[in-house]
Novice: 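Shown below is the structure under consideration.
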Amino acid sequence: MEKVPIVRLRGVTKRFDDVVAVDTLDLDIYEGEFLTLLGPSGCGKTTVLRIIAGFETPDTGEIFMNGDRLTNIPPNKRNVNTVFQSYALFPHMNVFDNIAFGLKMKQCDKKSIQEEVRRAIDIVKLSGLEQRRPFQLSGGQQQRVAMARAIVNKPKVLLLDEPLSALDYRLRQEMQLELKRLHRQLGITFVFVTHDQVEAISMSDRIAVMNEGRIEQIGTPITIYEEPDNMFVARFVGEINVFDGRVKHVENGSAQVDIHGQRFKVQNKKNLFPGQDVTVLLRPEDIMVSPNGNGSGGEGPALSGSVDEVIYKGKTVDLIITLDQGETIFVTQFFNEDQENVVYSQGQRVDVDWLYGWEVVL
Amino acid sequence: MVRKSRFRNVAVGVTLLWITLFVIIPYLFVVVVSFLERDSMHLIRWVFTLEHYRELFSPVFLAVCRNSFFLAFVTTVIALILAYPFAFILNRIPEKTRRFLILLMIIPFWTSSLIRTYALIILFKANGIINTFLLWLGIIEQPLNILYTEVAVFVGLVYTLLPFMILPLYASIQRLEPQLVEAARDLGATTKAVFLDIVLPITMPGIIAGCIMVFLPALGLFYIPDLLGGARSMLIGNFIKNQFLTTGNWPLGSAASVLLTLLMVLFLYGYYLSARRTSTGGMGRIA
């Protein structure tokens with residue numbers, strides 16, 4: 001059975017003066033998922049959110065909810081609620097009245113408003129603060145009020161516009177877990193906008209990586225991180241090392257690629273052909289380092305260079321290595337029992353290679 | 001650090017001195033005089049009396065008050081109705097047009113408001129610009145009686161005081177985050193509900209500040225009813241002016257001035273309360 005998207009964008013374009021914020025974008029959002037729009041500032045992710053909320057009307061294209069056309073419906077008639085980046089709490093109302101606002105607009109009776117607000121306050125753990133005014137709350141508490149004010153309306157889709165960006169590191173970690181818990185508990189579809197790839201990877205069911213008004217790639221965090229479709233996604237989602245190479249030989253399911261005169265065996269998923277120029281991408285943690293002349297993992301080719309910088313980080317040791325060919329690469333080494341000598345010294349000669357299959361070939 | 005704090009001390013000191021010399025001390029004179037007996041030769045006699053405050057409850061002064069409050073109230077309402085949409089639009093238009101409009105609003109301040117009031121006479125009088133134009137258009141056959149009517153007084157007061165309504169409103173609407181309006185829409189509010197539940201309460205300090213800045217001067221702007229309204233429209237300001245310049249009753253004029261000041265204090269307290277209610281933190285800030 002094919003899942004029906006709860007929100008569907010088809011060919012949506014939005015221009016601001018001369019700038020194309022969203023460029024013929026297609027997007028399906030499925031019921032109950034946690035979808036993140038990830039991208040640098042100005043990539044159009046917030047505009048997509050505002051189009052779903054109804055604050056912007058697309059120049060061309062259509063938006064549907066459960067199959068119904070939503071394009072020209074004003075925001076107050078959409079079953080969608082937003083948590084704003086600045087929270088946008090009403091400064092002249094206390095916590096209770098802020099949360100009750102949506103229900104009052106729906107003309108719910110007093111008793112059910114009391115009950116629903118009470119429940120929302122419990123869910124976001126704000127009991128006892130009902131009478132406080134927004135300026136009397138901490139950033140984290142304001143964030144919770146903004147969440148409660150949105151979820152009390154039981155929206156089909158909850159839109160979150162960089163809601164954690166104003167919080168400090170510790171609080172952000174805490175609210176990330178809190179948001180995940182809320183998502184599980186409520187079963188509402190979450191559409192989350194962020195420019196923080198760590199946040200996106202740790203929270204989402206699916207991530208749409210955006211750039212210049214388009215979606216570069218959409219998929220699970222694992223797919224996005226481990227099998228990026230292009231250089232933009234590869235570079236935006238975490239650190240990556242890039243090697244230029246040329247295909248020498250193609251076998252069944254694998255290929256031999258020449259990098260700096262060494263022949264590496266790589267997976268052949270994209271119908272590589274001999275003579276083709278390719279880029280081989282490797283995450284810092286996928287590269288293995290061994291002392292020079294040791295033959296690295298024992299077999300196969302390796303690139304040699306010398307250690308420029310050793311950065312001890314507690315759980316890991318980061319190495320910056322300059323290859324003999326002049327490229328600088330970034331390597332993360334984990335401590336483990338099998339490999340005790342992960343600590344290298346500055347200037348030390350080393351070999352680098354990787355296990356077959358851990359690379360990405362573009 | 002030392003230089004900076006010395007500059008601060010000098011700046012604050014000069015201002016304090018100025019206010020003490022030209023505001024506080026003269027005002028204390030007024031308060032003292034209001035409790036003294038009247039003297040036809042020396043203006044005042046150094047004998048304490050509450051007589052002049054009792055006189056403020058006389059039917060004559062109460063009639064002046066009633067008329068005065070009516071004029072000031074209607075002026076304030078008209079100014080508010082005109083200024084609110086204007087201040088709103090001022091906040092939503094491009095920077096360049098906005099600066100131009102604010103300039104247009106400020107330019108009249110470069111001319112004495114007394115002279116501008118005389119200019120209004122040229123507009124209003126029987127063979128003035130408005131009547132000549134309407135006669136030429138054929139809309140009227142007889143010149144309209146505008147000058148020396150209440151209408152002329154209202155136009156004059158509103159015209160003179162409108163900027164004082166617009167500026168505080170503009171400032172308070174400027175502080176209204178557009179996201180609050182979006183949040184309200186997002187939560188299902190209709191345009192009417194957005195205005196009544198969000199925009200109006202949040203801009204209330206500006207509304208009150210604007211009303212104070214129009215209502216109180218409107219009570220005292222004696223030359224506008226004098227020039228445009230003839231003898232019929234009398235303000236507290238006219239009453240005070242008459243006591244000082246015509247009747248020579250300084251103590252009574254002073255007592256009326258003190259009353260006006262108390263009224264102002266009352267209004268400012270109301271403003272302070274409303275500003276504190278809608279503030280985003282700390283004490284009630286002044287618009």
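The figures that follow rest on heavy atoms only: side chains count, while hydrogens, waters and symmetry mates do not. Chain A is the first sequence line, chain B the second, and so forth, proteins listed ahead of strands; every chain is numbered from 1.
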Novice: Can you tell which part of R149(A) gets under 4.5 Å to a heavy atom of chain B, answering side chain, backbone, both or neither?
Specialist: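 Interface part for R149(A): both.
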
Novice: Looking at K106(A), I'd like to know if its NZ atom is crowded, meaning that more than 12 non-hydrogen atoms belonging to other residues, nucleotides or ligands lie closer than 6.0 Å.
Specialist: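 Enclosed.
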
Novice: State whether the number of non-hydrogen atoms from other residues, nucleotides or ligands found under 6.0 Å of R170(A) atom CZ is greater than 12.
Specialist: no

Novice: CZ of R78(A) to CZ of R185(B): how many Å apart, nearest 0.5 Å?
Specialist: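 Separation between the atoms: 10.5 Å.
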
Novice: Enter the distance from E182(B):CD to F55(A):CZ here, rounded to the nearest 0.5 Å.
Specialist: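 If we round to the nearest 0.5 Å, E182(B):CD and F55(A):CZ are 4.5 Å apart.
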
Novice: Where is the tightest heavy-atom contact between A88(A) and Q179(B), given as atom of each residue plus distance?
Specialist: CB-O, 3.8 Å

Novice: With rounding to the nearest 0.5 angstrom, report the CD to OH distance, E177(B) to Y87(A).
Specialist: 12.5 Å

Novice: Residue by residue, scan residues 189-200 of chain B and write down, ordered by number, those that have a heavy-atom distance under 4.5 Å to chain A; if none do, write 'none'.
Specialist: A189(B), T190(B), A193(B), D197(B), I198(B)

Novice: Sort N81(A) into side chain, backbone, both or neither according to what part of it lies under 4.5 angstrom from a heavy atom of chain B.
Specialist: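 Both parts, backbone and side chain.
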
Novice: Between F90(A) and L180(B), which heavy-atom pair has the shortest distance, and what is it?
Specialist: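 Scanning both residues, the minimum pair turns out to be CE2-O, 3.4 Å.
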
Novice: Decide if atom NZ of K104(A) counts as having more than 12 heavy atoms of other residues, nucleotides or ligands within a radius under 6.0 Å.
Specialist: yes

Novice: Mark yes when over 12 heavy atoms from residues, nucleotides or ligands other than F16(A) sit less than 6.0 Å from its CZ; otherwise mark no.
Specialist: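 Correct, the count exceeds 12.
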
Novice: I'd like to know whether CZ of F109(B) has more than 12 heavy-atom contacts from other residues, nucleotides or ligands below 6.0 angstrom.
Specialist: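 Enclosed: over 12 neighbouring heavy atoms sit under 6.0 Å from CZ of F109(B).
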
Novice: Is it true that, when you exclude F73(B) itself, more than 12 heavy atoms of the residues, nucleotides or ligands shown sit nearer than 6.0 Å to its CZ?
Specialist: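 No, CZ of F73(B) has 12 or fewer neighbouring heavy atoms, counting only those of other groups under 6.0 Å.
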
Novice: Can you tell which part of L89(A) gets under 4.5 Å to a heavy atom of chain B, answering side chain, backbone, both or neither?
Specialist: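 Just the backbone, heavy atoms under 4.5 Å.
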
Novice: Does CZ belonging to R15(A) count more than 12 external heavy atoms closer than 6.0 Å?
Specialist: no

